[in-house]
Amino acid sequence: MGNPYEYLRLRLEARPERSWKRRDSTAWQDDVRNLLSIAIGCVLEPWPVGEMTILGEFREEDHIRYDIRFPSREGWNGTGWLLIPDAAVGPTPAVVCLPGHGRGADAIVGLIEEPYQANFALQCVSRGWVTLVVEQVSFGRNQSPGSESRGSSCLADSMMSLSLGETMVGWRVRDAMAAVRSLVGHPLVDAQGIATLGISGGGLTSLYTAALDPSVLVAGVSGFFTPMSHSIHMVDHCPDNYVPGIARIVDVPDLAGMIAPRWLATENGTLDPIFHIDGYRQACQKAAMIYEEAGAPERFSGCEFDGEHEFRGTALFEDIARAIAK
């Protein structure tokens, strides 16, 4: 009898066709950006007309929290929270925060406790940054009715998106890019100082968004930056992580080459069971080489911490602050 998994694993060990190597970086970035956009779907669609809409306003201790929606795709609006620090009086750096799998945007703004996410959006606004929290598709309040009964909130949505020739990665990156567009036009936001930041599935969205959207200055990625062989090809993961044909184009560490010489800050727990530390170290080694070649070695950082699959953030916040202070 055959072993399909072993057969596929051996095939997946081949180097992707567009894997980063020393070359004309601009031409390579343009080529991969086009191929990646096509592979994940959604992001090349025309942008709908419209602006951010405020649906509600809530006074918090050091900021105002707005319930918002913003145009993303024809017939679809992105949703989430906009946190404006009390100290914001002029062009202010901004962060698009992207929660991981679980209870969504509410779990990073202090409305619900989900310890692995550590309320990281509140940590952003406490630093004086305008913070837009995106409710990712199939997480939190953006779950389809009855989805949890299938064992994963993203299973059915991911499968249906594939039937359309799209992917959940594309849906989420599209919403994140729409959030960036909304911030660029906000009177309190410094359009040259926008970051993305996420944990796990939110780290995926943060990384891909910065890779595909050059207007993002810095990407913060927690618990995702590992080769596929040490994550989605090794451990059971939700289908929202998969992109048809991606293994023939690039691997996750190659995406650092799509961001350089802009900033990329990453972290990973040494005991993370689904994004293994050995893979993280390999990814960081390659990213460091990419940034050295780009002439900006100081703009990449990798931080390990003693912990599992969780947001720690200490170094990420320091690196984002360094980037947006330039």
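Numbers here simply count residues along the sequence, with the first being 1.
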How about Tyr5 and His233: are their ring centres within less than 6.0 Å of each other? no
Query raised in the report: Between Phe139 and His101, does the ring centroid distance fall short of 6.0 Å?
Result: yes
Paired with Tyr280, the side chain to side chain donor-acceptor pair (under 3.5 Å) test is passed by just one of Thr270, Thr226, Asn268, Thr266, namely Thr266
Between [X] and [Y] (side chain of the first, backbone of the second, donor and acceptor by atom type, cut-off under 3.5 Å), is there such a pair?
| X | Y | value |
| --- | --- | --- |
| Glu293 | Tyr291 | no |
| Glu45 | Ser72 | no |
| Arg33 | Ala211 | yes |
| Arg262 | Val216 | yes |
| Tyr242 | Ile232 | yes |

Of all heavy-atom pairs linking Glu308 and Pro273, the shortest is CB-CD, 4.4 Å
Taken in chain and number order and not counting sequence neighbours, the residues that satisfy salt bridge (Lys or Arg N to Asp or Glu O under 4.0 Å) with Glu60 are Arg65
- prompt: Under 3.5 Å, is there a donor-acceptor pair between the Trp76 and Asp175 side chains?
  reply: yes
Does a donor on one side chain and an acceptor on the other come within less than 3.5 Å for Gln282 and Gln285? no
Can you see whether Trp47 has Arg73 sitting over its ring - NZ or CZ less than 6.0 Å from the centre and within 45° of the normal? no
Could you list the donor-acceptor pairs under 3.5 angstrom formed by side chains in residues 119-127, with sequence neighbours left out?
| unit_1 | atom_1 | unit_2 | atom_2 | d |
| --- | --- | --- | --- | --- |
| Asn119 | OD1 | Gly110 | N | 3.0 |
| Gln123 | NE2 | Ala118 | O | 3.0 |
| Ser126 | OG | Leu122 | O | 3.4 |
| Ser126 | OG | Gln123 | O | 2.8 |
| Arg127 | NH1 | Gln123 | O | 2.9 |

Let me see the working for Glu304 and Arg281 under salt bridge (charged side-chain N to carboxylate O under 4.0 Å, His left out), right down to the final yes or no. CA-CA 9 Å; Glu304 298 179 15; Arg281 289 166 180 164; 2.8 Å; yes
Check: Would the number of heavy atoms belonging to other residues, nucleotides or ligands and lying under 6.0 Å from CD of Glu298 be above 12?
Finding: yes
Residues 220-246 vs salt bridge (Lys or Arg N to Asp or Glu O under 4.0 Å), sequence neighbours excluded, gives Arg172-Asp240
Q: In plain terms, say whether Asp254 and Lys286 are close enough for a salt bridge, that is, a side-chain N and a carboxylate O under 4.0 Å apart.
A: yes
* To do: Output yes when Arg174 and Asp213 qualify as a salt bridge under the 4.0 Å nitrogen-oxygen rule, no when they do not.
  => no
